[in-house]
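First the structure, in the form of structure tokens, and then the observations on it.
Proteins come first, then strands; the chains are lettered A, B, ... in the order of their sequence lines, and each starts at number 1.
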Number of protein chains: 2
Amino acid sequence: MKNYSNFVEKLRSAGLRPTKQRLKICEVLFDRKETFHFNVEDLKKILKKKLETSISVATVYNTINAFKSKGYIKEISLNTDKTYFDTNVTSHHHFYNVTTGELIDFHDKDVEEIKLKKNLPGKKIKSIEVLVKIANK
Amino acid sequence: MKNYSNFVEKLRSAGLRPTKQRLKICEVLFDRKETFHFNVEDLKKILKKKLETSISVATVYNTINAFKSKGYIKEISLNTDKTYFDTNVTSHHHFYNVTTGELIDFHDKDVEEIKLKKNLPGKKIKSIEVLVKIANK
DNA sequence: TCAATATATTAGAATGATTCTAAACTATTT
DNA sequence: AAATAGTTTAGAATCATTCTAATATATTGA
Ligand SMILES: [Mn+2]
Ligand SMILES: [Mn+2]
Ligand SMILES: [Zn+2]
Ligand SMILES: [Zn+2]
């Protein structure tokens with residue numbers, strides 16, 4: 001048996017009861033070693049296979065929006081038509097392969113520290129993230 | 001009289017004839033000292049005032065899409081519902097104020113050079129851009 | 001246990017940004 | 001001018017996302 005107690009706790013803390021559909025969403029999102037980058041269409045396809053029945057789009061959006069509010073997933077800014085989400089909620093950097101559409105994490109250790117020279121009186125910095133666009137040679 | 005010959009040239013090189021509506025779009029986008037960040041809704045409002053008549057949404061989208069293809073404007077990735085464009089087409093960095101929604105350029109000189117430590121065999125780097133999210137204190 | 005109550009799921013409708021269409025309009029060419 | 005090519009426009013189509021309200025399921029407490 002998987003991390004069900006983790007998933008139950010995640011859902012409860014997001015104000016959601018642990019139902020079959022929501023637990024399956026947790027499994028797809030969080031039962032992984034690696035960061036998961038996804039859009040809603042992809043997620044729905046995976047869920048359909050795993051559940052062997054389709055899941056309502058409303059349930060998927062409700063659940064991921066609750067997780068986003070709670071900070072369990074975050075939205076990634078890309079110039080694409082669909083919204084992408086990321087299970088890695090730390091402030092981190094991405095490679096986006098414009099040839100393949102692939103989105104890959106990289107981390108602070110893969111780049112020299114980013115030091116701003118600009119003063120920002122009256123502001124606080126919430127995040128500093130780098131997007132590196134790459135293409136296949 | 002403004003930079004009309006510049007605008008005419010821009011339009012012609014994008015395969016578009018210089019019409020009244022398109023020249024007005026050019027004026028709003030390019031007749032400025034500073035970088036202009038905009039979404040289509042804002043642009044339409046400005047155009048409506050300047051033209052003293054409304055302009056078709058189709059014409060606005062056609063024109064900005066042509067300019068985007070030609071590299072005269074570029075799309076900016078933000079977690080917003082509407083698409084933002086930028087008249088600064090160089091690879092550059094942004095501050096996004098999450099309190100006010102304001103988007104501001106900053107430049108290479110405002111940040112220490114970004115050096116990737118990661119190897120990318122078989123790939124070429126197209127751009128490296130930083131998004132700094134700030135909030136009012 | 002069983003009914004009452006609260007919450008969840010669902011299909012489909014509504015919304016809204018963007019794209020498409022096709023008819024009316026304008027500019028260019030011969 | 002007539003013919004042709006390109007443009008603008010209003011509104012329709014599309015599609016991701018959100019909303020709705022009916023049905024289903026889970027929880028509560030007598
Ligand atoms: Mn886009
Ligand atoms: Mn969004
Ligand atoms: Zn990531
Ligand atoms: Zn900019």
Side-chain angles (χ1 to χ4, degrees), chain A residues 4 7-8 10-28 37-48 50-70 73-86 101, chain B residues 4 7-8 10-28 37-48 50-70 73-86 101:
Chain A
Y4 265 68
F7 301 159
V8 169
K10 265 206 164 73
L11 286 164
R12 287 240 156 85
S13 67
L16 300 174
R17 286 186 187 164
T19 62
K20 180 167 59 100
Q21 290 85 346
R22 288 167 176 169
L23 284 166
K24 191 58 68 174
I25 291 172
C26 285
E27 196 183 311
V28 174
H37 299 97
F38 64 97
N39 63 41
V40 170
E41 196 187 14
D42 296 341
L43 178 56
K44 268 198 59 177
K45 278 191 198 129
I46 297 170
L47 287 166
K48 187 166 186 173
K50 292 218 174 199
L51 284 165
E52 289 176 1
T53 168
S54 71
I55 183 171
S56 166
V57 67
T59 298
V60 177
Y61 276 104
N62 287 344
T63 307
I64 66 176
N65 285 336
F67 283 159
K68 185 183 156 194
S69 297
K70 195 69 188 178
I73 60 179
K74 70 172 184 170
E75 201 176 321
I76 300 297
S77 303
L78 291 176
N79 290 147
T80 55
D81 47 347
K82 294 173 195 171
T83 300
Y84 276 77
F85 296 92
D86 192 339
Chain B
Y4 265 68
F7 302 159
V8 169
K10 266 206 163 74
L11 287 164
R12 287 240 157 85
S13 67
L16 300 174
R17 286 185 187 164
T19 62
K20 180 166 59 102
Q21 289 86 347
R22 288 168 177 167
L23 284 166
K24 192 58 68 174
I25 291 171
C26 285
E27 196 183 311
V28 175
H37 299 96
F38 65 97
N39 62 40
V40 170
E41 196 187 14
D42 296 340
L43 177 56
K44 267 197 60 175
K45 277 190 198 130
I46 297 170
L47 287 166
K48 186 166 186 172
K50 293 218 173 199
L51 285 164
E52 289 178 2
T53 168
S54 71
I55 184 171
S56 167
V57 67
T59 298
V60 176
Y61 276 105
N62 288 344
T63 307
I64 66 176
N65 285 336
F67 283 158
K68 186 182 156 195
S69 297
K70 194 68 188 178
I73 60 178
K74 70 173 186 170
E75 201 176 321
I76 300 297
S77 304
L78 292 174
N79 291 146
T80 54
D81 47 347
K82 295 174 195 171
T83 300
Y84 276 76
F85 297 92
D86 191 339

query: Hey, what do you get for CZ (B:R22) to CG (B:N62), rounding to the nearest 0.5 Å?
result: 7.5 Å
message: Let's see if you can work this out: which of C:dT18, D:dT9, C:dT10 has an atom nearest to the side-chain heavy atoms of B:S56?
response: D:dT9
statement: Out of D:dT17, C:dT21, C:dT10, minimum distance to the side chain of B:A58 belongs to C:dT21
statement: Contacts of B:T19 and A:Y84 projected onto DNA chain D by closest heavy atom; the upstream (5') one is B:T19
- prompt: Considering heavy-atom distances to DNA chain D, does B:V57 or B:Q21 have its closest nucleotide positioned more toward the 5' end?
  reply: B:Q21
Just how far, in rounded Å, is [atom2] of [N] from [atom1] of [X]?
X: A:R17; N: C:dT7; atom1: CZ; atom2: C1'; result: 4 Å
X: B:Y61; N: D:dG11; atom1: OH; atom2: C1'; result: 15 Å
X: B:L51; N: D:dT9; atom1: CG; atom2: P; result: 8 Å
X: A:E75; N: D:dA16; atom1: CD; atom2: C1'; result: 12 Å
X: A:N39; N: D:dT17; atom1: CG; atom2: P; result: 8 Å
X: A:R22; N: D:dT25; atom1: CZ; atom2: P; result: 15 Å
X: B:K24; N: D:dT9; atom1: NZ; atom2: C1'; result: 19 Å
X: A:N62; N: C:dT7; atom1: CG; atom2: P; result: 15 Å

- prompt: Distance-only, no hydrogens or angles: does the B:K44 side chain make a donor-acceptor pair with backbone N or O of B:V60 under 3.5 Å?
  reply: no
- request: May I have the step-by-step check of side-chain contact (heavy atoms from CB on, under 4.5 Å) for A:T83 and A:V40, ending in yes or no?
  value: CA-CA 7 Å; A:T83 300; A:V40 170; over 6 Å; no
message: OP1 or OP2 of C:dT19 versus the side-chain N and O atoms of B:N65: is any pair under 4.0 Å?
response: yes
message: Report for the helix from C:dT1-D:dA30 to C:dT30-D:dA1: angle between first-end and last-end helix axes, five pairs each, rounded to 10 degrees.
response: 10°
message: I need the minimum non-hydrogen distance between B:F7 and B:E27, along with the two atoms involved.
response: CE1-CA, 3.8 Å
message: Run the side-chain contact (heavy atoms from CB on, under 4.5 Å) test on B:V28 and B:F38 for me, step by step, so that the C-alpha distance in whole Å, both residues' side-chain angles and the decisive distance to 0.1 Å come before the verdict.
response: CA-CA 10 Å; B:V28 175; B:F38 65 97; over 6 Å; no
field: Partner set under side chain to side chain contact (heavy atoms under 4.5 Å, CB included) for A:N39, not counting sequence neighbours
entry: A:E41, A:D42, A:K82, A:Y84
- request: Would you check if B:P18 and B:Y4 make a side-chain contact, meaning some heavy-atom pair closer than 4.5 Å?
  value: no
